[in-house]
There are 2 protein chains.
Amino acid sequence: MSRTESLVALEREIGVLLRRVRRVIAARAAMVHPDLQPAAYLMLAYLVEMGPQRSSDIAERFEIDKGAVSRQVQHVVDLALVERTPDPADRRASILAVTADARRRFEEVTQQRRRILDERLGDWDDAELAVFADQMVRYNASLEPGQPVASAQPDGGVRG
Amino acid sequence: MSRTESLVALEREIGVLLRRVRRVIAARAAMVHPDLQPAAYLMLAYLVEMGPQRSSDIAERFEIDKGAVSRQVQHVVDLALVERTPDPADRRASILAVTADARRRFEEVTQQRRRILDERLGDWDDAELAVFADQMVRYNASLEPGQPVASAQPDGGVRG
DNA sequence: GAATATAGTTGCTCACGGCAACCTTCTAGG
DNA sequence: CCTAGAAGGTTGCCGTGAGCAACTATATTC
């Protein structure tokens, strides 16, 4: 594949993935809690993995409106999946933390789901999967708007 | 990275990508036509690349409801970006084709946009990009619901 | 201490997809 | 043929989701 062909294919497949993934996420969200909204599931997953965060951190990370985050936070708080504690260092802010119960439920679902995913990706060997995951991280990083384009970077070595 | 770590990272990054990509797609859509809706842009891109298709093909490919496709088709037809011609072989169906004007505009935008993407991915060499694009294709294919999971395949060539 | 920036909330709007009902046409079985 | 059911599309209704803007409260800066 030429570079151009790669770029074309990449964009096409991201488009496909984008639309398909909705269903999958919705199914997972329901497994964690019957009333959990799909988008909020993603937020929850982020909190589970990254530990307590502020709303603004999430908005920044996902590059979505803080209003949207605010509503989703309210949603998961209502479901008792997340707790808001005031930030002692800044009284405007709150720290969001996944409740123990939610974490437990989340991990259960994750394990079960990971078995399925692992099966579906059965013909990928570990190294391939590692490369792919790494490239996804790198791809996201490359597209970060704050990030200067690669050619403008002094040292370019974003990641190892 | 262990296999599990790879899977975790993969899912997290897909979640991030999923939410970020909205903005990007919206910006591109606007470049093609100021009134073009983001989702319809993806459909248009698919038609440009794959040639004339039926609505049902698109619904199947993207795994979304045919009603949603119907509305998006109507949208791009209204914008004169796509033409509907009755399928001679099946009078229920229509063939969707990108208009010459739309194709021209689309290609212009694509080239311009690809330059930007190419810059942003400047620190990826061609081979890496090819691998990544290939893996995206493969990943999507792996997750196709019609697709049997690897472990259920008769051939059994599953995984180490 | 006033101007300004930042964290979050809320109202409004539109984009988007799922579901179901419906129409039309095509296909199978009697 | 004719009838039953499947398939291609359209439409109405609804829930989810994000952007924008206005607003409150607290922090920061000069």
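Predicted model only: the values in this text are computed from it and were never measured.
Taking for each of A:Asp90 and A:Pro38 the nucleotide of DNA chain D with the nearest heavy atom, the 5'-most of the two is the partner of A:Pro38. Nearest-nucleotide assignment on DNA chain C puts the 5′-proximal partner with A:Arg84, out of A:Arg84 and A:Arg19. Sequence order on DNA chain D of the closest nucleotides to B:Val69 and A:Asp35 puts B:Val69 first from the 5' end.
Nearest nucleotide to the side chain of B:Asp65, out of D:dA7, C:dG18, C:dT9: C:dG18. Closest to the side chain of A:Arg92, from the set D:dT26, C:dC16, C:dG8, is D:dT26.
Contact annotation: B:Ser56 reaches the phosphate of D:dG9 (side-chain N/O to OP1 or OP2, under 4.0 Å). Between B:Arg23 and D:dA18 there is no side-chain N or O to OP1 or OP2 distance below 4.0 Å. At D:dG8, none of the side-chain N or O atoms of B:Ser94 fall inside 4.0 Å of OP1 or OP2 (strictly under the cut-off). In terms of phosphate contacts, B:Arg54 brings a side-chain nitrogen or oxygen within less than 4.0 Å of OP1 or OP2 of D:dG8. For B:Arg91 and D:dG8, the shortest distance from a side-chain N or O to OP1 or OP2 is not below 4.0 Å. Contact check, B:Gln37 against C:dC16: a side-chain N or O comes under 4.0 Å of OP1 or OP2.
When all heavy atoms are compared, the tightest approach of B:Leu47 to B:Leu96 is CD2-O, 3.8 Å. Across B:Val76 and B:Ala40, no two heavy atoms sit closer than the pair CG1-CB, 3.8 Å. Here the closest non-hydrogen pair linking A:Asp123 and B:Ser142 is OD1-OG, 4.4 Å. Between B:Met136 and A:Leu10, the closest heavy-atom pair is CG-CD1, 3.6 Å.
Going from atom CG of B:Leu36 over to atom P of C:dC14 covers 18 Å, rounded to whole Å. As rounded to whole Å, 13 Å separates atom P of D:dG8 from atom CG of B:Leu96. A straight line from CD of A:Gln53 to P of C:dG8 spans 11 Å, rounded to a whole angstrom. The NZ-C1' distance, from B:Lys66 to C:dC19, rounds to 11 Å in whole Å. Between the CD atom of B:Glu63 and the C1' atom of C:dC16 there is a distance of 17 Å, rounded to whole Å. Whole-Å rounding puts the B:Met43 CE to C:dC16 P distance at 11 Å. The interatomic distance linking A:Tyr41 (OH) with D:dG15 (P) rounds to 24 Å, in whole Å. Rounded to a whole Å, the CD1 atom of B:Ile25 is 12 Å from the P atom of C:dG17.
For residues 91-101 of chain B, every residue pair satisfying the side chain to side chain donor-acceptor pair (under 3.5 Å) rule, not counting sequence neighbours, is listed here: B:Asp90-B:Arg92, B:Asp101-B:Arg104, B:Asp101-B:Arg105.
Contacts with DNA chain D (heavy atom under 4.0 Å) in residues 70-83 of chain A: A:Arg71, A:Gln72, listed by number.
Remark: A:Leu121 CG to A:Asp126 CG distance equals 11.0 Å, nearest 0.5 Å.
Ring orientation note: the planes of B:Trp124 and B:Phe132 are tilted relative to one another, at an angle of 30° to 60°.
Looking only at distances, a side-chain donor or acceptor of A:Arg20 sits under 3.5 Å from a matching main-chain atom of B:Arg61.
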